[in-house]
Structures are given as structure tokens and as C-alpha cells.
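Below: the structure, in C-alpha cells.
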Amino acid sequence: MKRKLAVLLMTAVTASALLAGCGNQAGEAGGTTDNTQEAADSTQEAADSTQEAADTNTGSEAGSEADSADTQTESDASGEKVVLKAVCDLTPHSEILNAASDLLAAEGIELDIVSTTWDATWNDMLIDGEIDFAYFMHVPAMESIEEEMGATLYSMGGVHVEPYACFSDKYAAKEELPENAVIAIPNDSSNEYRALKVLEAEGFIKLNPDMTAIDASIQKIDEYLIPIEIVEMDQANIIPSAADFDAYFVNVNRALEASIDTTSYLMREGEDSEYANIITVTEANQDNESIKKLVEILQSDEIKQFITDNFNGAVIPAQN
């Protein structure tokens, strides 16, 4: 490009010189001056035209390069994976998420499971936006957390149900429980509600009909139909102290983690339990398309089949 510009400029200068020479040869002094001036003007015009052409060409090339860079940036962005941060219980939750990893990868989604060991900071992590979603609670638990922490949370959909169950290290059947049997139940309202509802369904107690998942407690028992002693305690301490009780209620995932045979329960919720474990988010991720795709995959026939095949009825797919 520079060589072409030099040639054009040289040509313009040479033409101007020839015009000046012709004027001198004519022997017209005034004409010589005029011709020289005209030649200079012509030379300047040629140079200006050449510069304009160069500027136009350079601008065109720069614009093309910028357009190309923008296209490349858009292309790179579209090829990037979306990483979703989460907390979930070890089993079956993390196992279900891992089973979906290939299906998620095909959609450009990768999961970063920050923790699988529950503690109270999980709620803070979700509400403060340190993670994108939580997978460990059901709707009543979510509502309890909302009330406790003054937060607004959203269920993106249910994935699986763990029918709430009562186990025993001493007895093989409910009918073997002695009179005044000591039964441990969790003291968090939503799980206490589930345990008390099972005891009512099995004929041990009669509950106040006004009891809800928010205010559940043994104070809501209107009548003991079969003599038993109910001990409320932190669910995390129930399995370690199971030997102190005739029977105890825990979440199935905790029973699985403790290698308890989840088919040997004394009593449990029916398979139509409404307590599906959900994908929970804050308002910031309510419209997150990647999380919507995650839920769609977790509710797919492939993942439902995985749940059915791998948990021997202790965990069942949620009814969507």
C-alpha cells in the first residue's frame, strides 16, 4: 500500500514539473510563474487525494478488524460453560446431581458443589448469593427459613421425595415396640410435623387439627392413644444417640449416610408424600435459564430412572 502511494505521488510531481518546463520554453515569464503555481497546486491536490484514499482504506481495514474482533468475542462467549455453585446433602442429592452431569454438560452447564456437609451457614450462603441454588430442603422447610431469616426464596421444582421414616436398632417391627416406648423426633418444625403426622397415621397420637408445619411440637398433641414418650432433639444428634431410644425418626438421606438399611423402617410416610426435595433459589436466580434447564434435566425420565434404580424405594422421584 505504501509503495502504491509513493508511485502516485511521484507521478503527480513529475507531471507538475513537465508543465512548468513547457511554460518556460514558451518564453512567457508571466506564464511561467502562473504555470509553476498551477503545478504546485496540482501537486498539492494530488497529494491530498492520495492521503484521503489512504485514510479511507485505513479506516476500512480498522473497521473490518474491529468487526472481526467483536464477532470473535461473541463466538468465544457463546462457547463458554456456565458454572452453577450449589450446596446439597451428600446422599442422595449429590449422587443425583452427579448422575445428571453428562446431560448438563451437553447443555454447557457445569456444577460446582461447594459443600455436602450441612450446617447453618448454608442458609446464609444462599441468601447472600454465595451460591446459585440449594438442594436440600422441601417447601415447608423453605417457608420456615423464610420466616426465620426474613428472606424470600423460590422453589424451581421438586426432584425427589424421601418418605419420612421411623427406625429402630432394637426392634424389627412397629408391633414390637413396648408400652411407653421412647421415640426420638427432630425438633425443627417441618420435620417434627412430618414425624408427628406419621405417629398419628399409625394410631399412636391424636393431633390438634390446627397444627401446621410452622408450629409443630409435642404441645400440639391432643391425646396419646398408645402410651409413648416422645423426645424432641436436634436431628443431627439422633442417629449418634440411637441406642438411647426404642425408635427414632430421621430423614432418609441421613439414614443412607449412616448405612442404615432404609427398607427396615418401622413406619413411614406413604409414597404420595408432598415433601419433595426442591431446587431453591433467591430472586436473583428466579429467571436464570441455566437453573431452569438444570431442573428440566433433574425431572427428566433419565434421572427418574436413576433414582428408581439406585435407592431401593428409600428415595423416589417427585411427582411433577
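By convention here, the first residue in the shown sequence is residue 1. Quick caveat, the model's predicted, so the values are computed rather than measured.
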Quiz item: Can you find a heavy atom in the side chain of H93 that is under 4.5 Å from one in the side chain of N253?
Solution: yes

Quiz item: Between H160 and Y135, is the ring centre distance below 6.0 Å?
Solution: yes

Quiz prompt | Sub-4.5 Å side-chain heavy-atom contact between I238 and V250 | solution = yes

Quiz item: Any Lys/Arg nitrogen of E200 or K206 sitting under 4.0 Å from an Asp/Glu carboxylate oxygen of the other?
Solution: no

Quiz item: If we only count heavy atoms from C-beta on, is the T116 to D89 side-chain gap below 4.5 Å?
Solution: no

Exercise. List for me each residue that meets ring-ring contact (aromatic ring centres under 6.0 Å, His included) alongside F167, sequence neighbours excluded, and say none if there are none.
Key: none

Quiz item: Side chains of L266 and L177: does their closest heavy-atom pair fall under 4.5 Å?
Solution: yes

Quiz item: Is there a side-chain contact between P186 and D234, using heavy atoms and a 4.5 Å cut-off?
Solution: no

Quiz item: Is any side-chain heavy atom of T212 less than 4.5 Å from a side-chain heavy atom of K220?
Solution: no

Quiz prompt | Flag if over 12 foreign heavy atoms under 6.0 Å of CD, E147 | solution = no

Quiz item: Taking the side chain as C-beta and beyond, is there a heavy-atom pair between F306 and I96 under 4.5 Å?
Solution: yes

Quiz item: Would you call R254 and E257 a salt bridge, taking side-chain N to carboxylate O under 4.0 Å as the test?
Solution: no

Quiz item: Salt bridge check: are K85 and E130 linked by an N-O gap of less than 4.0 Å?
Solution: no

Quiz item: Could you state the interatomic distance from CD1 (I303) to CG (L298), rounded to the nearest 0.5 Å?
Solution: 6.5 Å

Quiz item: Do E192 and S217 come close enough that some side-chain heavy atom pair is under 4.5 Å?
Solution: yes

Self-check item: Identified salt bridge (charged side-chain N to carboxylate O under 4.0 Å, His left out) counterpart of R194 within the set E274, E269, E162
Solution: E269

Exercise. Given side chain to side chain contact (heavy atoms under 4.5 Å, CB included), test W122 with S115 step by step and report yes or no.
Key: CA-CA 9 Å; W122 278 16; S115 174; 3.2 Å; yes

